[in-house]
Every structure is written in structure tokens, then in C-alpha cells.
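Quick note: residue numbers are just sequence positions, from 1. All ligand and atom numbering here is 1-based and tracks the order in the structure.
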Amino acid sequence: MQVALDQTLSPFGVNDKGFYGRFGGAFIPEMLYPNVEELRRNYLTIINDPAFQQEYRDLLTDYVGRPTPLFLASRLSEQLNATIYLKREDLCHTGAHKVNNTVGQILIAKRLGKKRIVAETGAGQHGVATATVCALMGLECVVYMGAIDIERQKPNVDRMKMLGATVVAATSGSQTLKDATNEAMRHWINNPVDTHYIIGSVVGPHPYPDMVARFQSVISEEVKKQLFAKTGSENPDYVVACVGGGSNAAGAFFHYLDEPSVKLVAAEAAGMGISSGHSAATTALGKPGVLHGSRTILMQTEDGQVTEPYSISAGLDYPGIGPLHAHLYDSGRGIFKSITDEDAVKSAFELTRLEGIIPALESAHALAALKELPLTDKDVVVVCLSGRGDKDLATYSKYL
Ligand SMILES: *Cc1c(COP(=O)(O)O)cnc(C)c1O
């Protein structure tokens with residue numbers, strides 16, 4: 001994470017204007033400019049400060065439970081005729097990779113002298129990860145969540161409340177994630193001085209995508225060391241991860257972006273099928289446009305209205321992808337696969353029966369993408385198992 005991946009060194013790092021190729025930037029209302037500018041001016045200095053690094057690393061070790069294991073999935077490997085390793089982000093505190101980012105951002109907020117945190121959440125996973133670190137640090141926490149999502153995701157709403165957060169219903173638009181994001185940004189505009197906005201993925205205006213990618217880059221930093229210890233090489237043939245906004249994928253890809261022999265595979269949610277009208281397959285269906293402050297690829301109607309996405313997995317139910325991923329798609333560096341609900345559920349059951357690990361529905365999309373790759377018995381593959389499936393049992397139980 002200390003290694004600055006900038007465009008003078010890497011065609012896949014962010015440039016000094018905040019762009020990845022033709023994607024990224026900070027397309028924000030003028031009212032938001034002071035907050036975003038304060039963050040942009042300070043984030044790299046703060047992150048690279050040795051005292052910050054020490055505190056962040058200690059929390060990752062003692063609170064989050066890092067390093068997470070890299071597990072050789074022998075029975076899955078046998079079935080797929082390749083060597084498959086699982087990066088066990090499901091074993092992180094709170095059950096997924098999201099906490100890697102919220103721990104980093106809460107420390108940034110403290111260094112900037114902020115007293116309050118605002119966040120958006122869809123299914124509630126990022127809201128829980130944010131409320132968790134706010135409890136840890138004793139900061140006030142306000143989480144915006146679509147009114148419909150509050151109905152659908154009661155256990156996470158209760159977790160956030162138990163952790164001391166105020167959950168505010170977003171009642172505008174379709175009352176889901178994109179509306180919660182809009183309202184959280186509005187809240188930040190109205191509370192610029194004492195509040196930090198913790199975005200949950202590699203999305204939003206610069207510097208958020210880069211900052212979140214750096215915090216998640218601990219995933220590939222560990223994979224390199226662990227894979228070297230197990231195989232004598234840091235580099236697998238493939239790294240595979242699911243993409244909602246793209247933070248676990250950004251973290252899993254980060255230290256491999258400039259290793260052309262490592263193929264980077266992103267699994268997006270096709271929902272009921274790409275042409276079903278119920279999908280979240282952003283690269284398959286989307287076009288360039290501006291979403292939540294950055295230029296990226298997003299699903300939209302002819303006249304530019306954001307399309308409501310659909311996926312069985314709440315974490316992949318987002319109409320865009322982060323600008324880094326838009327650039328990986330655009331440049332051909334990333335291989336994008338669209339995975340249906342049905343194929344994801346099937347892969348979730350297969351992993352559970354083969355390895356005794358119940359994956360999150362999101363992670364199951366990455367597992368299903370393995371079947372779309374031309375694997376041979378020489379191939380070494382790392383799959384980012386972004387989260388655990390406990391939260392998805394109500395969905396899985398319909399298939400028992
Ligand atoms: C939120 C979530 C995702 C999707 O978010 P990214 O930013 O794309 O990583 C994936 N998996 C799990 C388990 C999640 O909770």
C-alpha cells in the first residue's frame with residue numbers, strides 16, 4: 001500500500017487529475033468541492049505517514065484478523081482441473097473485505113479532525129462495517145439506506161443500530177442504493193466541517209476510488225507472499241473476483257495490474273440474464289457516463305437516466321463499476337464475465353459441498369466465472385472469496 005501506483009509508473013494507476021484512462025475524475029457539485037479537495041490534498045500524505053501505517057497495520061492484524069489465509073481448495077481444484085486457491089476474505093471481522101477499507105478511512109477521518117461519519121449502504125454490509133469502526137473509535141455514525149432496502153435487510157439494520165449508528169431512510173427515487181448515496185452526499189454538503197463520508201467501494205469522485213483501492217490492496221499484497229511461500233512464484237495465471245463497485249476486485253488485482261502474465265478476471269452479476277431486463281451486468285449493458293461523481297461505465301436509458309439494477313446478491317446490485325474497472329475493461333487488461341443468479345447459486349452449493357465453506361452470494365459469482373475460463377491442469381488460480389454466506393442463508397434455504 002505504500003507503493004504509489006501513479007500513471008508515470010503504471011498505466012493502471014490513477015493520474016494526478018484523478019483519471020484512469022478516460023474514466024474517473026471528480027464531477028461534483030460546487031458545494032462538495034471543499035470536502036473532496038481537503039481529502040484529495042491530504043490522503044496520500046496521511047496514508048504514507050509511518051505512524052498511520054503502524055496504526056492501520058496493527059488494526060488489520062489484531063482487529064480484522066489479517067493476514068487472511070490463502071487456502072488450496074483441493075477438491076474444487078480436482079473438479080475444475082486446475083490449482084485453485086481461495087483468498088479467505090470471508091474470515092475478516094464482520095464477514096467480508098469491506099472492513100479493510102472502513103478501518104483505513106476511520107483513521108483518515110481522525111487525522112483530518114472529523115467527529116462524525118456519514119455513509120451510504122445498499123444491503124447494509126458497508127453500513128455494518130462503517131458502524132463497527134465508528135463504535136471502535138467512538139465517532140458518531142449516520143448511515144443512509146434506501147427505504148426499500150431497510151425493509152429487505154432488517155438484520156443488518158438491527159446490527160447497525162446495536163452498534164450505535166443512526167440509520168436514515170432514503171425516500172427519494174427508487175428508494176435503494178443510488179438514492180441512499182445521493183442523500184448521503186447531500187448530508188455531507190450540509191455538514192462539511194466535522195463530517196467525513198466513508199464510501200464503501202472504489203467509486204465516487206477522486207480520490208475515493210484510489211484511496212479505497214489502496215486500503216484493499218492488502219489483499220494482493222498478502223496473496224503475493226502467500227503464493228510465493230506455497231508455490232515458489234508470486235504470480236498465478238488468473239486472479240478472479242466479483243465486481244459490484246469493484247473494491248474486493250481492486251484489492252485482489254492491485255499488485256498484479258502491471259504483471260501482464262497474470263490474467264485479471266472480473267465477475268459481474270447478470271441477474272436473470274443479460275437481456276432479461278433484470279440484470280446488473282454493467283460492462284455488458286452499460287455505456288460511459290457520470291455516476292456518483294466519476295466518469296465510468298453505467299447502465300442507463302437512451303436519455304441517460306440510471307437504470308435500476310437487479311441481482312440476487314445485494315452487494316452486486318449496483319448500476320455502475322468503479323473507474324479503475326471501466327479502464328480495465330476499456331483497455332482489455334481485465335476480462336469481464338457476466339454470471340447469472342442461477343449459476344452463482346449453483347457454484348455456492350458446489351463450494352459448500354466440496355470444501356465446507358459457505359460463500360457469500362457475491363463471491364459465488366467469482367466461483368462461477370471459473371467455469372467460463374479455458375483452464376488447464378497447469379493453471380494456478382486465485383479466487384477472492386470476498387465474504388461469507390451466513391447473511392445469504394434466507395436465499396440459499398429456498399434451494400435446499
Ligand atoms: C459489498 C460486497 C461485494 C461487492 O463490493 P465490491 O466493492 O465490488 O467488492 C462483494 N462481496 C461481498 C461479500 C460484499 O459484501
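In the candidate list Ser201, Gly387, Gly245, Ser201 is nearest to atom 7 (O) of ligand 1, counting heavy atoms.
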Salt bridge (charged side-chain N to carboxylate O under 4.0 Å, His left out) for Glu362 and Lys391? Distances and angles first, verdict last.
CA-CA 11 Å; Glu362 292 83 359; Lys391 68 182 179 58; 2.8 Å; yes
Start with the C-alpha gap between Phe12 and Phe253, add the side-chain angles, then the distance that decides, and say whether ring-ring contact (aromatic ring centres under 6.0 Å, His included) holds.
CA-CA 11 Å; Phe12 303 106; Phe253 295 168; over 10 Å; no
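Protein heavy atom at the shortest distance from atom 4 (C) of ligand 1 is Gly315 O, 3.4 Å. Ranking protein heavy atoms by distance to atom 6 (P) of ligand 1, first place goes to Ser247 N, 3.2 Å. For atom 12 (C) of ligand 1, the closest non-hydrogen atom on the protein side is Ser386 OG, 3.5 Å.
For Val243, every heavy-atom contact with ligand 1 shorter than 4.0 Å involves the backbone, none the side chain. Contacts of Lys98 with ligand 1, taken as heavy-atom pairs under 4.0 Å, involve the side chain alone.
A cation-pi arrangement is found for Lys224 relative to Tyr256, the charged atom lying closer than 6.0 Å to the ring centre and inside a 45° cone about the ring normal.
Tested against His206 for a side chain to side chain contact (heavy atoms under 4.5 Å, CB included), the candidates Phe27, Phe19, Tyr43 yield a single pass: Tyr43.
A donor-acceptor contact closer than 3.5 angstrom links the side chains of Ser174 and Asp179. In the model, Asp49 has no side-chain atom that pairs as donor or acceptor with a side-chain atom of Gln53 under 3.5 Å.
In this structure, OH in Tyr20 is found 9.5 Å from OG in Ser294, a value given to the nearest 0.5 Å.
For ligand 1, none of its N or O atoms has an N or O atom of Ala249 under 3.5 Å away. Here's the thing with Glu362: none of its N/O atoms is less than 3.5 angstrom from an N/O atom of ligand 1. Geometrically, ligand 1 and Asn248 share a nitrogen or oxygen pair separated by less than 3.5 Å.
Heavy atoms of His97 approach ligand 1 to within less than 4.0 angstrom.
Ring-plane geometry between His325 and Phe336 is classed as perpendicular, the angle between the planes exceeding 60 degrees on a 0 to 90 degree scale with a lower cut at 30.
Atom numbering of ligand 1 starts at 1 in the shown order; those under 4.0 Å from a heavy atom of Gly244 are 8 (O). Those atoms of ligand 1 with a heavy atom of Cys242 less than 4.0 angstrom away are 10 (C).
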